[in-house]
Engineer: 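Before I ask anything, here is the structure I am working with.
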Protein chains: 2
Amino acid sequence: MRYSQEHKLETRRRILYEASRRFRGQGSEGFSIADLMHDLKLTHGGFYRHFNSKEQLFAEALASAMQESHAKLTTGSDAKAPAAQLRVIIERYLSPRHWANPAEGCPLAALASEIPRQPRAVRAAFDQALKTYMDEIERLLPGKTRRERQRNFFVLFSGMAGTLSLARAVSEEQTRARLLHAAKEFYIQAFCQD
Amino acid sequence: MRYSQEHKLETRRRILYEASRRFRGQGSEGFSIADLMHDLKLTHGGFYRHFNSKEQLFAEALASAMQESHAKLTTGSDAKAPAAQLRVIIERYLSPRHWANPAEGCPLAALASEIPRQPRAVRAAFDQALKTYMDEIERLLPGKTRRERQRNFFVLFSGMAGTLSLARAVSEEQTRARLLHAAKEFYIQAFCQD
DNA sequence: GACATAAGATGATGTATATCATCCTATACA
DNA sequence: TGTATAGGATGATATACATCATCTTATGTC
């Protein structure tokens, strides 16, 4: 092997990282492979040494974005009680900061309505990533049985993703602020009480 | 004027109607003007007698889809009490039928994550349509002041849109059913009690 | 019934973009 | 130190698509 394995893996990682931000920021068709590679000081042709297609890239980027988002929401609050940890998650999710940075945020909010139209492979990757995500967060939610906590997970996360999406769709500053604030209060009230 | 006014308006209406379904079903870039016109037994060139650009078409189609969706959710339950009407809305919104037919359903669920990336004109049209939509439904929500009801409207509708989006993104049948069911129960419980 | 006019058709233009075949060259290894 | 090899570069191909200029033709008006 010429160029160390290391080097190739690093390049691959850089492509994936940049792609995962761009997909979230610009949608699944918002940029070209050439654009992406150019920003990494590489050329479009080299891309196919690392990925078979843009579709495969999307699938991997989506999964990686889910992981990244999960990490961002949970870091630093490990010590607290579940309800308090969940509160931190809700506050971070519905923060102005998250609102303003789709490219670094939750892919659910950034891409949810595009995913149903993606090819099977992408959706399978999404399913898998969502499951992992849920398994790691579910324990923080109220509910006696696992099933019950999962139900709450679904309601909370699909709800927050919808709220963030809508808040980004609305141009009016006031409406956006009101929307985020209302949802934050509501979800904390509903899920952080026990 | 050759061809009656009537005739031209009717053609325009047909284009808009078909477009509004296609945008919801296939996304803002999922079809071409030529495709669209072809299905209407027209040719691509004629399109520009009716709309200045695809962007303008999207803006109008979005607004029209919001109206249509509002009508579908509210028809036939006028006589009931507000809480009962709202319950019907929630049940319809989170039904398997709505899940299975994005093209005829709520544009929020079908397009939310694409709208933030649209040009100003589209977003302005969306803002306006959302406001109208809210003004017509807000009165069914619990809350003493208008402001309070609007807050509830935001939480409920952004939440339901997120739920439906996610349910469509998930491929697994069971998960989808569980998701829709959990959310339905939750929102009825939360908003249809008083 | 002739004709002016506008809805709609046709064809062209320019641009964007995924993907592939092939070339170049830095470097791991002997 | 030479050489084979694979990561990356270059250029080509094919396709898709929005938009526009121009042509056709059906029809309202006289």
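Naming convention: chains lettered A, B, ... in sequence-line order (proteins, then strands); numbering from 1 in each chain.
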Engineer: Looking at every heavy atom in both A:L111 and A:S28, which two are closest together, and how far apart are they?
Structural biologist: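 Answer, listing the atom of A:L111 first, then A:S28: CD2-N, 4.4 Å.
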Engineer: Just do the salt bridge (charged side-chain N to carboxylate O under 4.0 Å, His left out) check on B:R24 and B:E104 with the steps written out, would you?
Structural biologist: CA-CA 7 Å; B:R24 282 176 280 173; B:E104 284 110 54; over 6 Å; no
Engineer: Name all residues meeting the side chain to side chain donor-acceptor pair (under 3.5 Å) criterion together with A:N52; count only those two or more places apart in sequence or in a different chain, and write none if there are none.
Structural biologist: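 Checked A:N52 against side chain to side chain donor-acceptor pair (under 3.5 Å); matches are A:Q56.
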Engineer: Would you say B:I89 and B:F157 make side-chain contact, with heavy atoms under 4.5 Å?
Structural biologist: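 Touching, per the 4.5 Å side-chain cut-off.
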Engineer: Please report the distance, rounded to the nearest Å, between CG in A:L42 and P in C:dC24.
Structural biologist: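 Interatomic distance, CG of A:L42 to P of C:dC24: 20 Å.
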Engineer: Looking at B:T11, does any N or O in its side chain come under 4.0 Å of the phosphate oxygens OP1/OP2 on C:dA7?
Structural biologist: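 So the side chain of B:T11 is outside the cut-off, no N or O lying under 4.0 Å from OP1 or OP2 of C:dA7.
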Engineer: Rounded off to whole Å, could you give me the NE2-to-P distance for the B:H50 and C:dA6 pair?
Structural biologist: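 Between P of C:dA6 and NE2 of B:H50: 14 Å.
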Engineer: Using a cutoff of under 3.5 Å, can you pull out all pairs of nitrogen or oxygen atoms linking the protein to nucleotides 12-19 of chain C, with atom names and distances?
Structural biologist:
residue: C:dA18; atom: OP1; partner: A:K54; partner atom: NZ; Å: 2.7
residue: C:dA18; atom: OP2; partner: A:I33; partner atom: N; Å: 2.8
residue: C:dT19; atom: OP2; partner: A:Y48; partner atom: OH; Å: 2.8
residue: C:dT19; atom: OP2; partner: A:K54; partner atom: N; Å: 3.1
residue: C:dT19; atom: O5'; partner: A:Y48; partner atom: OH; Å: 3.4

Engineer: Could you state the CE-P distance from B:M37 to D:dT19, rounded to the nearest angstrom?
Structural biologist: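 One finds 13 Å between P of D:dT19 and CE of B:M37, rounded.
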Engineer: Check step by step if salt bridge (charged side-chain N to carboxylate O under 4.0 Å, His left out) holds for B:E148 and B:R151.
Structural biologist: CA-CA 5 Å; B:E148 204 180 326; B:R151 274 202 299 262; 5.1 Å; no
Engineer: What is the distance, to the nearest angstrom, from the CZ atom on A:F51 to the P atom on D:dG8?
Structural biologist: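 For the pair A:F51 CZ and D:dG8 P, the rounded distance is 12 Å.
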Engineer: Can you give me the closest heavy-atom contact between A:S69 and A:G105, atom names plus distance?
Structural biologist: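 Of all heavy-atom pairs spanning A:S69 and A:G105, the closest is CB-O, 4.2 Å.
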Engineer: Specify the separation, in whole Å, of atom CG of B:L36 and atom P of D:dA18.
Structural biologist: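 Answer to the nearest Å: 10 Å.
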Engineer: Return the angle between end axes of the helix from C:dG1-D:dC30 to C:dA30-D:dT1, with five pairs used per end and rounding to 10°.
Structural biologist: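 Computed angle between terminal axes is 10°.
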Engineer: Roughly how many Å is it from CZ in A:R49 to C1' in C:dC24, rounded to a whole number?
Structural biologist: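 That distance rounds to 11 Å.
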Engineer: Rounded to whole angstrom units, what separation is found between the CZ atom of B:R22 and the P atom of D:dA18?
Structural biologist: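 Whole-Å distance recorded here is 11 Å.
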Engineer: Before giving the answer on salt bridge (charged side-chain N to carboxylate O under 4.0 Å, His left out), spell out for A:R117 and A:E114 the whole-Å C-alpha distance, their side-chain angles and the decisive distance to 0.1 Å.
Structural biologist: CA-CA 6 Å; A:R117 296 189 287 268; A:E114 293 185 52; 5.7 Å; no
Engineer: Let me know the distance between CG of B:L57 and C1' of D:dC17, rounded to the nearest Å.
Structural biologist: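 My rounded result for the distance is 15 Å.
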Engineer: Using the rule given for salt bridge (charged side-chain N to carboxylate O under 4.0 Å, His left out), can you reason through B:D135 versus B:R146, listing the C-alpha separation, both sets of side-chain angles and the distance that settles it, and then say yes or no?
Structural biologist: CA-CA 10 Å; B:D135 286 346; B:R146 189 178 155 81; 3.3 Å; yes
Engineer: Compare every heavy atom of B:L179 with every heavy atom of A:S158, then report the nearest pair and how far apart it is.
Structural biologist: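 That closest heavy-atom pairing would be OG-CD1, 4.3 Å.
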